[in-house]
**Q** 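Before I ask anything, let me first share the structure, which is written out below as structure tokens.
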Amino acid sequence: MPPTAPGRTDRHYLMCEPVHYTVSYEINPWMDKTKHTDAGLAVQQWRRLRDTYLDLGHRVETIEPLEGLPDMVYAANGATVVDGVVYSARFRYAERAAEGPAYQKWFADRGYVTHTAAETNEGEGDLLVVGDLILAGTGFRTDRMAHAEAQELFGRPVVSLELVSPHYYHLDTALAVLSSTADDPQIAYYPPAFSSGSRAVLEQLFPDAIHATSEDARALGLNAVSDGLNVVVAPGAVDLAAALTERGYNPLPVDTSELLKGGGGAKCCTLEIRTRP
């Protein structure tokens, strides 16, 4: 029998309202600067996402959006926080470079221990905590050397995973953490987004993982946020939602279609703040 949802735990999130949202450059295949973007609609969808977390009883803090940084809404890329320690983002593209220091300052101003990254990494976009492990994506945005830097900083084993499809340029577009408990970690992922070796690693580590369909992946359904029971997921990821229900999870479709034009969904908009146990 496949594992079932282990149960909800309280979460602490950092988000950034997309008041300056637009697609004015192209740094991933989802972005098309010739298409109209509606910042007002993006804000409405973002607020619905935020309110979903609040309704579930989670804590949400916000960072002030900065003009000229339209992708700052994708808060998950801004840092990685494990056991109260903050590993800053160091972005691949110049268009997003100022986001890393902005997020790091937010944490430093609130008394968090922060570490300025020496290696290129894009926060939780490519560094996902699963049980006692950190799954780390590489191939498009985050350098493999950042995986070693994160391992030394956090003192947790880091498993490198090679991404091979430009549409799934961050790990959190191709893999969702459903449960991060040490005794029963659970994930869902889209196998074609990974190299053959990385698929083999995932099969060994998570033999009972949910395999998302191509339709799920195209809807950016794996850019989902789970509290161990409730899973905020893209409405278009119907196969994934059905698979989650079978495992005892409660899928909650939340529309982030306007933010998808920039290449992000619910998870991209949500940076988890993990304090020391």
Side-chain angles (χ1 to χ4, degrees), residues 2-9 11 13 15 30 49 52-53 56 58 74-77 80 122-131 133-137 140-142 159 161 163 165 167-181 184-194 198-199 201-203 205-256 259-260 263-272 274:
T4 58
R8 175 196 174 281
T9 58
R11 304 299 172 105
Y13 299 133
M15 302 180 71
W30 303 87
L49 176 63
T52 298
Y53 297 144
L56 290 170
H58 301 308
Y74 304 123
N77 304 158
T80 307
E122 300 203 350
E124 277 196 337
D126 277 321
L127 297 169
L128 298 178
V129 177
V130 189
L133 301 176
I134 297 175
L135 301 182
F140 296 99
R141 297 294 188 86
T142 295
V159 179
L161 300 169
L163 298 164
S165 172
H167 276 86
Y168 310 109
Y169 57 95
H170 277 151
L171 184 61
D172 71 356
T173 65
L175 186 149
V177 178
L178 303 178
S179 167
S180 57
T181 59
D184 189 21
Q186 298 178 26
I187 68 167
Y189 68 101
Y190 180 53
F194 297 89
S198 294
R199 288 198 302 272
V201 169
L202 288 170
E203 287 165 6
L205 290 174
F206 306 99
D208 294 314
I210 294 173
H211 287 189
T213 65
S214 58
E215 288 79 10
D216 294 330
R218 283 197 295 269
L220 216 61
L222 288 162
N223 200 241
V225 179
S226 174
D227 62 13
L229 175 61
N230 305 289
V231 185
V232 177
V233 65
V238 293
D239 296 328
L240 179 59
L244 290 168
T245 300
E246 287 180 4
R247 299 286 182 98
Y249 289 95
N250 177 36
L252 297 173
V254 175
D255 184 15
T256 54
L259 295 162
L260 180 59
K267 179 66 189 81
C268 283
C269 295
T270 311
L271 172 58
E272 184 164 354
R274 302 174 187 84

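For this chain, numbers begin at 1 and follow the sequence in order.
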**Q** What distance do Asp208 atom CG and Arg247 atom CZ have between them, rounded to the nearest 0.5 Å?
**A** 6.0 Å
**Q** Would you mind listing every ring pair (Phe, Tyr, Trp, His ring centres under 6.0 Å) that reaches into residues 224-254, with sequence neighbours excluded?
**A** none
**Q** Distance check, rounded to the nearest 0.5 Å: Thr270 atom OG1 versus Lys267 atom NZ?
**A** 6.5 Å
**Q** Quick check: do Leu49 and Val225 have side-chain heavy atoms less than 4.5 Å from each other?
**A** no
**Q** Under 4.5 Å between any side-chain heavy atoms of Ser165 and Tyr190, yes or no?
**A** no
**Q** Does a side-chain heavy-atom distance below 4.5 Å link Glu124 with Leu271?
**A** yes
**Q** Return the set of residues passing side-chain contact (heavy atoms from CB on, under 4.5 Å) with Thr245 (not counting sequence neighbours), or none when no residue passes.
**A** Pro251
**Q** State, yes or no, whether a side-chain contact exists between Glu203 and Val201 at a heavy-atom distance under 4.5 Å.
**A** no
**Q** Taking salt bridge (Lys or Arg N to Asp or Glu O under 4.0 Å) as the test, write out the residues that go with Glu215, two or more places apart.
**A** Arg218
**Q** Looking at residues at least two apart in the chain, or sitting in another chain, which of them share a salt bridge (Lys or Arg N to Asp or Glu O under 4.0 Å) with Arg11?
**A** Glu272
**Q** If every non-hydrogen atom of Pro6 is compared with every non-hydrogen atom of Gln186, which pair is closest and at what distance?
**A** CD-NE2, 4.0 Å
**Q** To the closest 0.5 Å, what do you measure between CG (Leu128) and CG (Leu171)?
**A** 4.5 Å
**Q** Quick one: side chain to side chain donor-acceptor pair (under 3.5 Å) partners of Tyr189, sequence neighbours excluded?
**A** His211
**Q** Sequence neighbours left out, what passes side-chain contact (heavy atoms from CB on, under 4.5 Å) with Ala243? Give chain and number order.
**A** Ile210
**Q** Which residues pass the side chain to side chain donor-acceptor pair (under 3.5 Å) test with Ser179, not counting sequence neighbours?
**A** Thr181
**Q** State, yes or no, whether a side-chain contact exists between Val130 and Ser180 at a heavy-atom distance under 4.5 Å.
**A** no
**Q** Suppose we screen for side chain to side chain donor-acceptor pair (under 3.5 Å). Which residues come up paired with Thr256, at least two apart in sequence or across chains?
**A** none
**Q** When you measure from the side chain of Asp239 to the backbone N and O of Asp216, does any donor-acceptor pair fall under 3.5 Å?
**A** no
**Q** I need the Phe140 CZ to Thr173 OG1 distance, nearest 0.5 Å.
**A** 9.0 Å
**Q** For Ala174, what residues pass the side-chain contact (heavy atoms from CB on, under 4.5 Å) criterion, not counting sequence neighbours?
**A** Leu163, Tyr168, Ala193, Phe194
**Q** Applying side chain to side chain donor-acceptor pair (under 3.5 Å), name anything that partners Tyr169, two or more places apart in sequence or on another chain.
**A** Asn28
**Q** Within the structure provided, determine whether Leu222 and Leu220 are in side-chain contact (heavy-atom separation under 4.5 Å).
**A** no
**Q** Is there side-chain contact between Cys268 and Asp172, with heavy atoms separated by less than 4.5 Å?
**A** yes
**Q** On a heavy-atom basis, which atom in Ala75 and which in Cys269 lie closest, and how many Å separate them?
**A** CB-O, 3.9 Å
**Q** Atom CG of Leu244 and atom CG of Leu178: how far apart are they, to the nearest 0.5 Å?
**A** 6.0 Å
**Q** Tyr53: which residues meet the ring pair (Phe, Tyr, Trp, His ring centres under 6.0 Å) condition with it, sequence neighbours left out?
**A** Tyr13
**Q** Would you be so kind as to tabulate the donor-acceptor pairs closer than 3.5 Å made by side chains of residues 230-238, with sequence neighbours excluded?
**A**
unit_1	atom_1	unit_2	atom_2	d
Asn230	OD1	Asn250	ND2	2.9
Asn230	ND2	Asp227	OD2	3.1

**Q** Strictly distance-based, threshold 3.5 Å: is any side-chain N or O of Trp30 a donor or acceptor partner for the main-chain N or O of His167?
**A** yes
**Q** Hey, could you give me the CD1/CG distance between Ile187 and Leu205, rounded to the nearest 0.5 Å?
**A** 8.0 Å
**Q** Given side chains that start at C-beta, do those of Val177 and Val129 come closer than 4.5 Å, heavy atoms only?
**A** no
